[in-house]
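Each chain gets a letter, A, B and so on, in the order the sequences are listed, and its residues count up from 1. These numbers come from a predicted model, not from an experiment.
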Amino acid sequence: QKEVEQDPGPLSVPEGAIVSLNCTYSNSAFQYFMWYRQYSRKGPELLMYTYSSGNKEDGRFTAQVDKSSKYISLFIRDSQPSDSATYLCAMSVRGGYQKVTFGTGTKLQVIP
Amino acid sequence: EAQVTQNPRYLITVTGKKLTVTCSQNMNHEYMSWYRQDPGLGLRQIYYSMNVEVTDKGDVPEGYKVSRKEKRNFPLILESPSPNQTSLYFCASRDTAGGEKLFFGSGTQLSVL
């Protein structure tokens with residue numbers, strides 16, 4: 001079993017839809033939870049970062065962490081064609097030099 | 001502009017011909033790492049470095065070498081490439097004191113024939 005599981009999609013939605021992206025994990029020691037966005041032929045870029053449980057909102061994006069269920073989510077409201085990308089969840093036990101474990105990524109397409 | 005620079009962007013080579021992929025960062029980061037990205041397998045760490053002359057294996061180190069002689073540079077060396085090393089490679093760096101953000105390069109698409 002992989003430490004981090006992520007539905008690869010692809011996920012295709014109409015413009016303006018609410019998108020929900022999810023990851024599950026098995027390592028209860030993870031404390032830092034991240035979402036990276038990767039456009040085609042580019043490197044991943046950090047989109048959202050959450051420490052421990054709870055919600056974090058940034059504009060149209062909301063990250064949720066439920067440590068009791070070992071489940072994290074990224075919600076995108078009012079999705080735009082520019083949101084079309086691959087979204088990777090990532091987790092680590094601690095900061096600094098600690099290894100970051102990535103999900104396989106979900107490819108999202110927002111259709112105008 | 002803060003960035004991680006990888007070269008080359010695309011590389012086609014033949015089995016057994018030694019190659020080096022360069023990586024340089026201008027953010028004075030201590031931590032640097034190499035990943036490979038394959039369909040269905042995601043990003044897997046090859047090697048990482050916590051500082052100059054300090055390197056360690058990641059999850060998939062076989063067939064790769066690295067060196068860290070200067071803080072800004074972290075080259076990836078394939079001494080005898082094989083077709084199973086055909087992949088998309090990313091270099092990344094992180095400020096170990098400042099948080100979790102990994103800064104990635106633009107990637108190197110390697111094909112080994």
Side-chain angles (χ1 to χ4, degrees), chain A residues 1-10 21-27 29-52 56 58 63 65 72 74 85-107, chain B residues 1-10 21 23-25 27 29-51 54-61 68 87-109:
Chain A
Q1 183 191 9
K2 291 181 182 177
E3 267 192 304
V4 179
E5 299 275 3
Q6 184 174 8
D7 187 338
L21 304 169
N22 311 293
C23 287
T24 59
Y25 62 94
S26 59
N27 186 349
F30 285 141
Q31 294 192 78
Y32 293 85
F33 303 92
M34 296 148 278
W35 287 94
Y36 282 80
R37 180 173 60 194
Q38 184 178 16
Y39 290 114
S40 181
R41 290 185 291 277
K42 297 284 189 182
E45 291 180 297
L46 183 65
L47 185 63
M48 299 280 288
Y49 155 56
T50 309
Y51 172 70
S52 194
K56 187 172 185 178
D58 184 2
V65 175
I72 71 169
L74 178 70
T86 296
Y87 291 81
L88 302 106
C89 62
M91 311 176 189
S92 67
V93 173
R94 267 204 331 261
Y97 300 111
Q98 290 297 309
K99 173 187 168 184
V100 177
T101 302
F102 287 86
T104 51
T106 300
K107 189 170 184 178
Chain B
E1 180 190 355
Q3 60 184 2
V4 177
T5 303
Q6 283 179 240
N7 280 298
R9 287 294 307 274
Y10 302 93
V21 184
C23 174
S24 180
Q25 50 94 4
M27 295 166 280
H29 287 168
E30 291 183 339
Y31 180 95
M32 297 186 74
S33 182
W34 276 101
Y35 295 86
R36 60 178 289 175
Q37 187 174 37
D38 302 286
L41 297 176
L43 279 165
R44 294 180 292 167
Q45 190 178 53
I46 303 170
Y47 268 94
Y48 65 96
S49 169
M50 294 188 288
N51 214 326
V54 182
T55 63
D56 208 348
K57 297 177 181 178
D59 296 319
V60 288
R68 187 93 181 272
S87 185
L88 178 59
Y89 291 86
F90 288 102
C91 179
S93 70
R94 184 165 76 186
D95 179 359
T96 52
E100 300 308 302
K101 183 176 180 179
L102 277 164
F103 292 80
F104 284 87
S106 296
T108 296
Q109 180 64 59

In terms of heavy-atom proximity below 4.5 Å to chain A, should [X] be classed as side chain, backbone, both, or neither?
X	result
B:Asp38	neither
B:Tyr89	neither
B:Tyr35	side chain

Judged by modelled atom types alone, do A:Gln6 and A:Thr104 share a side-chain donor-acceptor pair under 3.5 Å?
->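 A:Gln6 vs A:Thr104: no donor-acceptor pair found between side chains.
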Part of A:Glu45 lying under 4.5 Å from any heavy atom of chain B =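 Looking at A:Glu45, nothing touches chain B.
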A:Tyr51 versus chain B, the contacting section by heavy-atom distance below 4.5 Å |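 Neither the backbone nor the side chain of A:Tyr51 comes within 4.5 Å of chain B.
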Give the minimum heavy-atom separation between [X] and [Y], together with the two atoms involved.
X	Y	answer
B:Ser87	B:Gln109	O-NE2, 3.3 Å
A:Ala85	A:Gln38	CB-O, 3.5 Å
A:Trp35	A:Ala63	CD1-CB, 4.3 Å

Between B:Gln37, B:Gln45, B:Arg44, B:Gln6, which residue shows the highest count of heavy-atom pairs closer than 4.5 Å to chain A?
->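 Looking at each of B:Gln37, B:Gln45, B:Arg44, B:Gln6 in turn, B:Gln37 comes out on top.
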A:Tyr87 six-ring face occupied by A:Arg37 cation (under 6.0 Å, within 45°) =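 Output no; distance or angle outside limits.
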